[in-house]
Number of protein chains: 2
Amino acid sequence: MVTDLENDSDYRQMLRDAGLRVTPQRASIITILSETDDHPNVEELYEKTRALDDTVSVATVYRTMSVLENAGLVRKLVMDDAPARYEMMPHTDHDHLVDIDSGDLIEIPGTEIAELMSRVAAELGYHIVSHHTVIRARKT
Amino acid sequence: MVTDLENDSDYRQMLRDAGLRVTPQRASIITILSETDDHPNVEELYEKTRALDDTVSVATVYRTMSVLENAGLVRKLVMDDAPARYEMMPHTDHDHLVDIDSGDLIEIPGTEIAELMSRVAAELGYHIVSHHTVIRARKT
DNA sequence: TGACATTTGCGAATAATTCGCATTTACATG
DNA sequence: CATGTAAATGCGAATTATTCGCAAATGTCA
């Protein structure tokens with residue numbers, strides 16, 4: 001799953017649209033996060049990015065995640081008892097379930113949950129900016 | 001909204017059922033959390049409890065929340081960017097919405113969301129142990 | 001009433017994240 | 001394409017939330 005030129009210019013443009021500079025560090029971090037299938041925390045993301053580009057520091061990974069989250073390019077998954085994890089904002093929306101025995105994080109495909117939340121929020125006079133849902137579950 | 005005798009023996013019994021001792025500190029903390037309408041974090045809970053019973057320490061508030069959460073008496077609300085908040089396990093279930101402008105935490109009545117999650121989890125072969133959903137939204 | 005495992009307070013330790021600041025750099029403008 | 005300037009970076013120190021270690025206290029059960 002290699003980021004092709006099209007997607008490349010995509011994120012570059014999205015950064016610019018958000019008024020952000022395209023730095024080599026941001027490019028490296030985004031590349032790694034895009035190519036990664038799981039949902040890394042900052043430490044993991046830092047290690048992987050480091051292998052590709054040793055100019056990045058942990059602080060920059062933190063700052064980049066924060067900045068990209070605000071720009072809507074990245075989603076932060078807040079965990080109950082572990083450091084936050086991150087994923088590139090998915091085009092096909094989904095939610096997350098943690099297998100509390102194995103620790104695995106499983107994606108729940110579909111938008112049903114998000115749609116229901118939107119409807120319910122609308123009833124209260126709100127529109128959703130973001131939501132994080134982590135379901136802790138055990139195999140039946 | 002004062003905890004009456006019935007509810008009192010309730011929580012005492014629930015502690016015992018969970019193999020936990022009924023200590024004065026736990027009693028004070030539970031009393032305060034039960035009487036509180038909002039969803040305090042540990043620091044707030046500690047301050048309020050302290051006014052009633054100056055034998056409690058912060059460490060005990062943390063330990064008590066953890067122990068009560070495991071016993072299913074308390075629910076932990078994991079926030080995006082702020083210390084966790086707590087509430088007594090509600091009998092009428094609900095979810096939570098944070099007004100990102102005011103910081104207010106609003107309860108969403110009803111069980112629709114939880115029910116949908118249960119259904120979806122079941123489809124994946126899981127049963128939910130707990131879930132935390134925090135919706136960040138803005139007034140329309 | 002004792003015996004003993006549990007719980008507590010205290011302060012120190014840890015883990016995750018943020019900050020301060022001097023230096024570097026992307027990029028708009030001429 | 002040179003360059004001024006705000007934005008971004010690395011580094012390590014600081015902060016914040018939470019957990020831990022341990023000795024003393026105490027709830028509970030026999």
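Keep in mind it's a predicted model, so treat the numbers as computed, not measured. Convention: sequence-line order gives letters A, B, ...; per-chain numbering from 1.
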Tell me whether the side-chain N/O atoms of A:Tyr62 come closer than 4.0 Å to OP1 or OP2 in C:dT17. yes
Whole Å only: how far is the CZ atom of B:Arg85 from the P atom of D:dT18? 12 Å
Value for OG1 (A:Thr133) from CG (A:Leu77), rounded to nearest 0.5 Å, stands at 10.0 Å
From CG of A:Leu45 over to C1' of C:dT17, roughly how many Å is that when rounded to an integer? 15 Å
Residues A:Asp104, A:Lys139; criterion salt bridge (charged side-chain N to carboxylate O under 4.0 Å, His left out); working and verdict: CA-CA 11 Å; A:Asp104 291 349; A:Lys139 281 211 174 83; over 6 Å; no
Remember a base hit wins even if backbone is also touched, and classify A:Val56 as base, sugar-phosphate or nothing at under 4.0 Å, heavy atoms. sugar-phosphate
So, under a plain 3.5 Å distance rule, would you say the side chain of B:Arg21 forms a donor-acceptor pair with the base of C:dT6? yes
For atom CD1 of A:Ile30 and atom P of D:dA8, their distance in whole Å: 12 Å
Can you check whether B:Arg63 has a side-chain N or O nearer than 4.0 Å to OP1 or OP2 of C:dT7? no
Give one of base, sugar-phosphate or nothing for A:Val58, where a contact means two heavy atoms less than 4.0 Å apart. nothing
What is the distance from CE of B:Met65 to C1' of D:dA17, rounded to the nearest Å? 15 Å
Could you tell me whether B:Glu35 and B:Lys48 have a side-chain N and a carboxylate O separated by less than 4.0 Å? no
By nearest atom, which of the nucleotides C:dT8, D:dT18, D:dC11 is closest to the A:Ala59 side chain? D:dC11
Hey, which sits more toward the 5' end of DNA chain D by its nearest nucleotide, B:Ser66 or B:Val22? B:Ser66
Which atoms form the tightest heavy-atom contact between A:Ala84 and A:Lys76, and what is the distance? CB-CE, 3.7 Å
Can you check the B:Gln13 CD to D:dG27 P distance for me, whole Å? 17 Å
Given C:dT6, is OP1 or OP2 found less than 4.0 Å from the side-chain N or O atoms of B:Arg26? no
In this structure, how many angstroms lie between the P atom of D:dT28 and the CG atom of B:Asp17, rounded? 13 Å
Atom-pair distance (CZ on A:Arg16; P on C:dA28), nearest Å: 7 Å
Separation of C:dA15 atom P from A:Asn41 atom CG, nearest Å, is 14 Å
Would one find more than 12 heavy atoms of other residues, nucleotides or ligands at under 6.0 Å from atom CD of B:Glu47? yes
OP1 or OP2 of D:dT9 under 4.0 Å from side-chain N/O of A:Thr23: yes
